[in-house]
Asker: 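Okay, handing you the structure first.
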Amino acid sequence: MLTAFWLSIAVVSAIPIGKFQAVFNGAEEKGHDEGNFRDLKVGELNFLHTTDTHGWLGSHLTQANYGADWGDFISFTTKFKERRIGSNDLLLIDTGDKHDGNGISDATVPNGIRSTEIFNEQDYDLLTLGNHELYTEDNTILEYYSTVVNDKFKGKYVASNVEFVTNESEIVPFGSKYRFFQTSNLRYNILAFSFLFNFQRANSRAIVTPAAEELQKDWFQEVVNSYPEEKVDVIIVFGHMPITDPEEHEINKVHAILRTYYPNSVIQYFGGHSHIRDFAIFDELSTGLQSGRFAETVGFLSIDNVRSEAPRFSRRYIDFNKDSFAHHSGVNFKKDLRTERGANVSSKIGEIREELNLTSVVGYVPRSYYMDSKPLTSKKNIYNLLTTNVLPLLKSKKTNSSKSRFILINTGSIRYDLYEGEFTKDTEYIVSPFSNDWNFVEIPLALAEDVAAYLNNGAILMTSMGPPESRMKAELPKRRDSCPFIHTPGFTKGYTTLDDFGCKGDDKVHNSELYFPVPNVVQSVELQAGWSESVHFVFYSFIQPYVINALNALNEEKKVVTYKFSDADCMKYGGKSTGELLKDYIRSLDKS
Ligand SMILES: Nc1nc2c(ncn2[C@@H]2O[C@H](COP(=O)(O)O)[C@@H](O)[C@H]2O)c(=O)[nH]1
Ligand SMILES: [Zn+2]
Ligand SMILES: [Zn+2]
């Protein structure tokens with residue numbers, strides 16, 4: 001397999017990049033190439049952006065690159081504002097997905113109830129929701145009543161294309177449809193919108209309208225009438241929507257619509273959902289920033305000459321650690337970074353960890369297992385571990401050892417590498433946070449044996465089955481040249497991000513990570529000797545629609561059965577979750 005180095009990707013923009021490079025001349029910043037920091041270029045209007053934090057508020061305990069917690073982040077933004085911004089302006093923005101992926105958010109019922117208190121300690125100027133706030137009613141209700149209507153964020157929580165169904169079954173906006181305000185120092189007139197991507201799996205308490213459709217509604221026309229171009233300095237469009245979207249191009253459609261009303265305005269995008277660091281040039285007056293995932297990154301963007309015809313944009317991806325935070329906020333030592341409020345939040349996080357027993361040890365992981373920096377065939381690949389040693393441990397009342405069995409999972413159900421060392425209660429939520437039911441259908445082997453291949457070749461499924469970042473990485477081979485592959489003794493592994501401004505966006509030079517493509521689904525196969533009329537085909541309830549679709553498409557072609565598959569054919573299989581089976585496997589290693 002050709003080794004595909006993961007470095008990130010260029011962006012599909014509406015107009016040939018070459019044109020923009022002339023406008024953004026010298027955009028490829030002259031960042032340092034040795035082991036010290038690439039600095040931030042503070043401008044008139046500055047932004048710090050987070051997205052897809054997924055409950056990672058307590059730092060990455062095993063990765064120093066991301067060793068700051070939410071309290072340190074609060075200290076950083078305070079010090080950064082005090083010491084670097086001066087008479088300019090700074091806006092803090094978040095673009096959703098705030099649980100599902102860490103014990104601090106997921107070890108409570110409902111998940112997020114304690115982590116939301118911590119998250120909301122940050123003084124965001126603009127915030128919104130992601131699809132993970134809409135999978136379950138509990139999460140949606142919690143998000144609405146704890147954050148949307150929280151006085152602290154009055155007017156600041158914007159969701160232009162999402163509505164909430166209240167307890168009284170009334171349909172109301174999920175926050176503000178837009179926000180018009182002036183920045184505190186330079187009094188820039190800001191018009192802000194927020195769009196969630198076209199997420200169609202929302203629970204009954206929320207309604208999502210595709211962004212382009214939403215912009216046809218009267219409310220938007222009224223906003224344009226109230227705030228015509230001459231009254232607006234900058235339009236901010238922030239939301240849980242990828243900045244680079246090679247499949248749906250949703251953000252490009254939004255941009256084209258806004259440009260018909262605001263042809264000469266600066267439009268600044270902040271995106272999320274695909275879990276990558278990214279920066280895109282949309283046109284001479286418009287760029288987009290995306291700031292990774294899991295509190296590994298604070299995205300920085302500045303705009304200078306805001307009111308001119310040639311605004312200048314600068315971006316930086318800040319590693320979420322105290323060295324970076326101290327350096328960029330201009331304090332000499334990490335100890336000087338701490339603020340009282342930040343310190344209080346950090347100690348609250350420690351209390352929650354204790355209270356939720358997150359540090360309790362289940363077993364010991366003898367070696368690290370990776371999602372995509374080892375190939376699927378490697379014993380160090382986590383999907384290889386699951387399909388070989390873990391999924392076959394699944395037992396339930398339906399298990400019939402005389403029957404062949406397939407167990408299929410979507411690779412997006414695994415959220416993080418499994419590192420060598422203690423497997424704690426937190427590890428289960430980090431690696432496999434979704435509490436999915438196991439369902440099954442009893443089908444002929446002739447159909448069962450082709451389902452995985454079908455699901456792995458269906459491009460349409462890319463957007464909702466695989467790990468979020470893999471959707472973009474899979475596009476890698478079609479992109480422009482990648483960045484130099486860095487392997488320098490003493491450097492730590494981390495991100496080297498290729499974006500529309502080149503390869504020097506990361507605030508530190510890191511050794512590059514290898515990347516190997518990840519399919520949409522993987523499966524364990526247990527074929528019993530002898531011919532068995534039918535097999536048990538077991539799968540996550542989350543992917544049931546895709547399994548039914550695959551069976552009917554395959555049967556259309558192979559004519560194995562004379563009926564169409566539907567939900568009625570799917571039965572509960574039962575048994576332990578993948579996270580629990582993984583714990584059982586790790587415990588068994590201790591005994592051997
Ligand atoms: N097996 C499950 N996979 C799930 C579930 N909810 C989400 N997912 C996976 O996550 C991505 C979306 O994650 P995001 O952070 O990019 O929004 C999705 O495409 C699935 O692959 C679940 O309940 N079970
Ligand atoms: Zn996410
Ligand atoms: Zn998302």
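Remember, it's 1-based here, ligands and their atoms both numbered in the order they're listed.
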Asker: With sequence neighbours left out, what residues match Gln268 under side chain to side chain donor-acceptor pair (under 3.5 Å)?
Answerer: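 For Gln268, the residues satisfying side chain to side chain donor-acceptor pair (under 3.5 Å) (neighbours in sequence not counted) are Thr287.
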
Asker: Go through ligand 1 atom by atom and flag the ones less than 4.0 Å from a non-hydrogen atom of Asn436.
Answerer: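 The list of qualifying atoms is 1 (N), 2 (C), 22 (C), 23 (O), 24 (N).
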
Asker: Does the side chain of Asp499 pick up a donor-acceptor pair with the side chain of Tyr317 at under 3.5 Å?
Answerer: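 Per modelled atom types, Asp499 and Tyr317 side chains form a pair under 3.5 Å.
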
Asker: Taking atom types as modelled, find out whether Tyr540 and Thr578 have a side-chain donor-acceptor pair closer than 3.5 angstrom.
Answerer: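 Looking only at side-chain atoms, Thr578 and Tyr540 do form a donor-acceptor pair, the distance falling under 3.5 Å.
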
Asker: Picking from Trp56, Phe294, Phe325, Phe76, what satisfies ring pair (Phe, Tyr, Trp, His ring centres under 6.0 Å) with Phe320?
Answerer: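 Per the ring pair (Phe, Tyr, Trp, His ring centres under 6.0 Å) rule, the option paired with Phe320 is Phe325, out of Trp56, Phe294, Phe325, Phe76.
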
Asker: Any salt bridge linking Glu296 with Arg293? Criterion: basic side-chain nitrogen under 4.0 Å from a carboxylate oxygen.
Answerer: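 Answer for the salt bridge query: yes.
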
Asker: Contact between Leu358 and Thr424 at the side-chain level, heavy atoms closer than 4.5 Å - yes or no?
Answerer: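 No, their side chains stay 4.5 Å or more apart.
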
Asker: Please list, in number order, the atoms of ligand 1 under 4.0 Å from a heavy atom of Pro468.
Answerer: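 That gives atoms 13 (O), 14 (P), 15 (O), 16 (O) of ligand 1.
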
Asker: State the atoms of ligand 1, each with its element, that fall below the 4.0 Å cut-off from a heavy-atom position in Tyr135.
Answerer: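 Those of ligand 1 that fall under 4.0 Å from Tyr135 are 6 (N), 7 (C), 12 (C).
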
Asker: Show the numbers, then the answer: is there a salt bridge (charged side-chain N to carboxylate O under 4.0 Å, His left out) between Glu580 and Lys583?
Answerer: CA-CA 5 Å; Glu580 288 161 333; Lys583 279 195 297 191; 5.8 Å; no

Asker: Could you tell me how the ring of Tyr66 sits relative to the ring of His60: parallel (under 30°), tilted (30 to 60°) or perpendicular (over 60°)?
Answerer: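 Aromatic pair Tyr66/His60 classed perpendicular.
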
Asker: Is Ser274 close enough to touch ligand 1? Criterion: a residue heavy atom under 4.0 Å from a ligand atom.
Answerer: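 Contact absent.
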
Asker: Show me which atoms of ligand 1 lie under 4.0 Å from any heavy atom of His54.
Answerer: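 Matching atoms, with element in brackets: 15 (O).
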
Asker: Could Asp426 and Arg353 be called an ion pair, given the rule that one side-chain N must be under 4.0 Å from one carboxylate O?
Answerer: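 Answer for the salt bridge query: yes.
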
Asker: Protein N/O/S atoms under 2.8 Å of the Zn ion (ligand 2)?
Answerer: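 Within the sphere that stays under 2.8 Å of the Zn ion (ligand 2), the protein atoms of type N, O or S are Asp52 OD2, His54 NE2, Asp97 OD2, His275 NE2.
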
Asker: Which ligand 1 atoms does Tyr540 reach within 4.0 Å, using its non-hydrogen atoms?
Answerer: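 Close to Tyr540: 1 (N).
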
Asker: Mind checking whether Asn410 contacts ligand 1 via backbone (N, CA, C, O), side chain (CB onward), both or neither, at a 4.0 Å heavy-atom cut-off?
Answerer: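 For Asn410, the contact with ligand 1 is made by the side chain alone.
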
Asker: Heavy atoms only: which of Arg415, Arg293, His273 is nearest to atom 15 (O) of ligand 1?
Answerer: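 It is Arg415 that holds the nearest heavy atom.
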
Asker: Short N/O distance, under 3.5 Å, between Asp97 and ligand 1?
Answerer: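 Among all N and O atoms of Asp97, at least one is under 3.5 Å from an N or O of ligand 1.
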
Asker: I need the atoms of ligand 1 closer than 4.0 Å to a non-hydrogen atom of His132, numbered in the order shown.
Answerer: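 That gives atoms 7 (C), 12 (C), 13 (O), 14 (P), 15 (O), 17 (O) of ligand 1.
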
Asker: Side chains of Thr95 and His49: do they bring a donor and an acceptor to under 3.5 Å?
Answerer: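 Yes, because at least one side-chain N or O of Thr95 sits under 3.5 Å from a partner of the opposite role on His49.
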
Asker: Can you confirm whether Lys398 is buried at NZ, in the sense that more than 12 heavy atoms of other residues, nucleotides or ligands lie under 6.0 Å from that atom?
Answerer: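 Open.
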
